[in-house]
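Atoms considered below: every heavy atom in the structure, side chains included; atoms not considered: hydrogens, waters and symmetry mates. Keep in mind that what you see is a predicted model, and the values were worked out from it rather than measured.
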Amino acid sequence: MGTGPYPARFKLVFGAWTIDSPELATAAHAAQEAQIDIVARCQAAGDLPAGDPIRLAALLRALAHGAADLAAAGHLAADGKATPTPPTWSTTSSPT
């Protein structure tokens, strides 16, 4: 899987900011508000569990960040499962 043909976009979405940009902060805030709104609408429709939509949106964002990090590190196969090539660990010792 990996970052695809646009690693800079991948880093922009899931990486740390290296500049102080009011425009970027405004766009990020708008995206976060849109995600919270989508979560709230899905909760109202019964498609997501009830609860605080801000917290659930943050949890979904964390899930996406984790999946993106695993993909960038090459730990997801094309079908999104596990590692593309399982590591070869000794049966007598555990991985470090």
Next item on the list: For Asp52, enumerate each residue passing the side chain to side chain donor-acceptor pair (under 3.5 Å) test, keeping only those at least two apart in sequence or located in another chain.
Entry: none
Next item on the list: Name all residues meeting the side chain to side chain donor-acceptor pair (under 3.5 Å) criterion together with Arg55; count only those two or more places apart in sequence or in a different chain, and write none if there are none.
Entry: none
Output a table of donor-acceptor pairs, distance under 3.5 Å, between side-chain atoms of residues 39-48 and any protein atom two or more places apart or on a different chain; print 'none' if there are none.
unit_1, atom_1, unit_2, atom_2, d
Arg41, NE, Asp37, OD2, 3.0
Arg41, NH2, Asp37, OD2, 3.3
Gln43, NE2, Pro49, O, 2.8
Gln43, NE2, Gly51, O, 3.2

Margin query: A side-chain contact here means heavy atoms from C-beta on lying under 4.5 Å apart; do Leu59 and Leu63 qualify?
Written below: no
Note to self: Side-chain heavy atoms under 4.5 Å apart, restricted to Ile/Leu/Val/Met/Phe/Trp/Tyr: what other residues fall into the cluster of Ile36, or is it alone?
What the structure shows: Ile54
Notebook entry, point to check: Which pairs count as side-chain hydrogen bond (donor to acceptor under 3.5 Å, both in side chains) when at least one residue sits in residues 26-35, sequence neighbours excluded?
Noted result: Gln35-Arg61
Note to self: With salt bridge (Lys or Arg N to Asp or Glu O under 4.0 Å) as the rule and sequence neighbours excluded, what pairs involving residues 15-26 come up?
What the structure shows: none
